[in-house]
Amino acid sequence: MKRLQYTTGLCGLMLLLGGKAMAQHGINSLYSAYAIGDQEEHDYTRNFGVGSTGIARRSDVYLNELNPASYAFIPRQNFMFDVSLRAQTITYKDATTLNRQAGDVNIKRLAMGFKVNNRWGMSAGFGQFSSVDYKLLSTTFIDTSPQVTTTEGNGGVYKAYISNGVRLTKNFSIGVSTNFLFGPNNVTENIGGDTVSTKIQRYAFNTNFNTGIQYAGMLGKHWMLGLGATYRFKTKLNYEKKLIVQNASETTLFEDDLAREKYTLPEQYGAGISIGNGNLTWLADWRRQLWSDSRIVNAKYRLTNSERYSTGLEYSFKRKYGQQQGEGIVLQGGFSYYKSYLIVNNNQIKDVAGTVGISIPAKSNMLRYYIGIEVGQRGTTSGGLIKETYVNGVFHFSLRDIWFLRRTYD
């Protein structure tokens, strides 16, 4: 069993000591090897093309989960259904010879929403809170003999949510989202190509709450001002943990339950503004997470407060639908800058990206197709780290239907 020892700090070892990184099927997101993995900072709705900005926007034409208070403004008798699909490609480079690519396609969001009564709107959905997907090569010494160690991680934290928004007055609304967090985070290690591997199997679970408030009012005769704020409560994320030893055919040779592991998901504050005149809309958001209070300390990395800034412009063309006028084609452009919660080798991992988007209606305007493109970079080649250059493509399908109509006949 001596050969089944663990290489401590294996993730930091690869990044800090210049170990080789390999792309596998799917996204080999190297920074997802830390803590709970890559936190999902994007919004895969119509907000995507404006830098995932929308804390101050209402859910009057689509479902906006960035602020649960927005659901108070779902139109009466409307039922909404959203599906979002993302395709991604990433190029990985270091300061020497590494130059690899990876990509994948997956569903990022399912959601539905409707108006309960004149003041109360409701939504439920499913999405990803964080993701883990990496494959690392490092060197482990067994009795002074160097052995290549392969470490693979996969899984992530998913969330199923129920959100409610209530209109208090003509201008103000409040809301709360109840998030059910769950999902695996598995790490498999093989030393020297051995036929036996060790696997740490973890499964997360807990409930988290996010609250929001919105204000909307006229700014002069032609412009509408929107303001929004959100607060996510601190939560203990519990992980059930198990050690599994398995052979090449994944037959379990040994299994043992380990002590539960806990991570503290910190408080998050957010604020947003929007100004629009019915055609042109400008938006900006700010979000901050207080990770520096976390007790997670490692010699190779540490956690710090994260911040995200985003802004965007949207132009909506008008179009006639029968006797009524509504939104036609919508064009968008945006920008985002994210300082993540990870500091590796004294480098805070940062992400900067630009986005564009277009929303196209069907003939009846009850169905809309949305396409968004994002190009960005994350990380750095300094200090033996990895720089990721990525392109994200999002397809968002939004359906609206009229429910609960009373029909009268002569």
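Along the sequence shown, residues are numbered consecutively beginning with 1.
The residues Arg202 and Glu261 are annotated as salt-bridged, a charged nitrogen and a carboxylate oxygen being separated by less than 4.0 angstrom. Remark: Asp94 does not engage Arg100 in a salt bridge, criterion side-chain N to carboxylate O under 4.0 Å. Ion pairing between a basic and an acidic side chain is recognised when a charged N comes within 4.0 Å of a carboxylate O; Arg46 and Glu314 show such pairing. The existence of a salt bridge linking Lys108 and Glu40 is confirmed by a sub-4.0 Å separation between a basic side-chain nitrogen and an acidic carboxylate oxygen. For the pair Arg319 and Glu327, the salt-bridge criterion is not met [side-chain N within less than 4.0 Å of a carboxylate O].
The distance between the ring centers of Phe205 and Tyr203 does not fall below 6.0 angstrom. For Phe73 and Tyr71, the ring centers sit 6.0 Å or farther from each other. Two rings, from Tyr263 and Tyr239, have their centers less than 6.0 Å apart.
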- Message: Run Asn47 and Tyr62 through side-chain hydrogen bond (donor to acceptor under 3.5 Å, both in side chains) and show every step you take.
- Response: CA-CA 10 Å; Asn47 294 329; Tyr62 67 99; 2.4 Å; yes
- Item | Lys242/Asp256 under salt bridge (Lys or Arg N to Asp or Glu O under 4.0 Å): CA gap, chis, key distance, verdict | CA-CA 6 Å; Lys242 182 180 292 187; Asp256 188 26; over 6 Å; no
- Go through Ile200 and Lys241 one step at a time and tell me if the side-chain contact (heavy atoms from CB on, under 4.5 Å) criterion holds. CA-CA 7 Å; Ile200 297 294; Lys241 197 172 179 182; 3.8 Å; yes
- Message: Go through it in stages, so that I can follow the logic: the residues are Arg260 and Glu240, the test is side-chain contact (heavy atoms from CB on, under 4.5 Å), and I'd like the CA-CA distance, side-chain angles, deciding distance and then a yes or no.
- Response: CA-CA 5 Å; Arg260 282 187 178 182; Glu240 292 181 343; 3.5 Å; yes
- Take Glu41 and Ser52 through the side-chain contact (heavy atoms from CB on, under 4.5 Å) test and state the conclusion after the steps. CA-CA 8 Å; Glu41 295 292 334; Ser52 293; over 6 Å; no
- Query: ring-ring contact (aromatic ring centres under 6.0 Å, His included) between Tyr231 and Phe233: does it pass, once the steps are laid out?
  - Reply: CA-CA 6 Å; Tyr231 174 75; Phe233 287 87; 4.9 Å; yes
- Task: Give the C-alpha distance, both sets of side-chain angles, the deciding distance and a yes or no for side-chain hydrogen bond (donor to acceptor under 3.5 Å, both in side chains) between Asn64 and Arg58.
- Result: CA-CA 7 Å; Asn64 179 18; Arg58 295 176 168 182; over 6 Å; no
- Go through the steps to decide whether Asn106 and Asp104 satisfy the test side-chain hydrogen bond (donor to acceptor under 3.5 Å, both in side chains), and finish with yes or no. CA-CA 7 Å; Asn106 51 44; Asp104 74 349; 3.1 Å; yes
- Message: side-chain hydrogen bond (donor to acceptor under 3.5 Å, both in side chains) for Asp133 and Ser131? Distances and angles first, verdict last.
- Response: CA-CA 7 Å; Asp133 189 357; Ser131 61; over 6 Å; no
- Item | side-chain contact (heavy atoms from CB on, under 4.5 Å) evaluation trace for Glu388 with Thr91 | CA-CA 6 Å; Glu388 301 176 353; Thr91 299; over 6 Å; no
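Residues Ser177 and Pro68 share a closest heavy-atom pair of OG-CB, 3.4 Å. Pairing each heavy atom of Ser306 with each of Ser340, the nearest pair is CB-C, 3.7 Å. Here the shortest heavy-atom pairing between Leu290 and Pro266 reads O-CB, 3.2 Å. Taking both residues in full, the closest heavy atoms of Pro184 and Tyr158 are given as CD-CE1, 4.3 Å, listed atom of the first, atom of the second, then distance. Of all non-hydrogen atoms in Ala72 and Arg167, the two that sit nearest each other are CB-N, 3.4 Å. When all heavy atoms of Thr281 and Ser274 are compared, the closest pair comes out as CG2-CB, 4.5 Å.
Taking the six-membered ring where tryptophan is involved, the planes of Tyr309 and Tyr337 are essentially parallel, since the angle between them stays under 30° and well short of 60°. Using a 30° and 60° split on the angle between ring planes, Phe81 and Phe397 fall in the perpendicular class, above 60°. Using the six-membered ring where Trp is involved, Phe317 and Tyr315 have ring planes that are perpendicular, over 60° apart on the 30 and 60° scheme.
Counting heavy atoms from C-beta outward, Lys115 and Gln77 have side chains that stay 4.5 Å or more apart. With a 4.5 Å cut-off on side-chain heavy atoms, Ser123 and Tyr161 count as touching. Counting heavy atoms from C-beta on, the side chains of Phe180 and Asn206 never come closer than 4.5 Å.
Of the N and O atoms on the side chains of Asn171 and Thr169, not one donor lies less than 3.5 Å from an acceptor on the other residue. One side chain, Asn247 or Ser249, offers a donor N or O that lies under 3.5 Å from an acceptor on the other. Between the side chains of Thr264 and Lys236, at least one donor N or O sits under 3.5 Å from an acceptor N or O. Using modelled atom types, one finds no donor on one side chain facing an acceptor on the other under 3.5 Å when comparing Arg378 with Tyr31. Side-chain polar atoms of Ser163 and Glu65 form a donor-acceptor pair below 3.5 angstrom. Between the side chains of Tyr390 and Asp351, at least one donor-acceptor pair of N or O atoms lies under 3.5 Å. A donor and an acceptor atom, one from each side chain of Gln88 and Asn392, are located under 3.5 Å apart. Of the N and O atoms on the side chains of Trp286 and Ser310, not one donor lies less than 3.5 Å from an acceptor on the other residue. Side-chain contact check for Asn190 and Ser197: at least one donor-acceptor pair (N or O, by modelled atom type) lies under 3.5 Å. For the residue pair Ser292 and Asn305, a side-chain donor N or O sits within less than 3.5 Å of a side-chain acceptor on the partner. Side chains of Arg232 and Gln289: a donor on one and an acceptor on the other come within 3.5 Å. No hydrogens or angles considered: a donor-acceptor pair under 3.5 Å links the side chains of Ser59 and Ser70.
The main-chain N or O of Ile55 is found under 3.5 Å from a side-chain atom of Asp285 such that the two form a donor-acceptor pair. Side chain of Asn164 to main chain of Val176: no donor-acceptor pair is present (N/O by atom type, distance under 3.5 Å, no hydrogens or angles). Remark: the backbone N or O of Ile386 is not paired with any side-chain donor or acceptor of Thr381 at under 3.5 angstrom. The main-chain N or O of Ile213 is found under 3.5 Å from a side-chain atom of Asn67 such that the two form a donor-acceptor pair. For the pair Ser130 (side chain) and Gly156 (backbone), a donor-acceptor distance under 3.5 Å is absent. A donor-acceptor pair under 3.5 Å is absent between the side-chain atoms of Glu152 and the main chain of Tyr134, judged by distance alone.
A distance of 5.5 Å separates CZ of Phe48 from NE2 of His42, quoted to the nearest 0.5 Å. Within the model, atoms CG of Leu181 and CG of Asn208 stand 5.5 Å from one another, a figure rounded to the nearest 0.5 Å. Here CD of Glu250 is found 10.0 Å from CD1 of Ile244. Values are rounded to the nearest 0.5 Å. Met366 contributes atom CE, which lies 6.0 Å from atom CG of Asn78 (distance to the nearest 0.5 angstrom). Rounding to the nearest 0.5 Å gives a distance of 6.5 Å between CG of Leu63 and OG of Ser398.
Few gaps surround CD on Gln325; more than 12 heavy atoms of other groups in view lie less than 6.0 Å from it.
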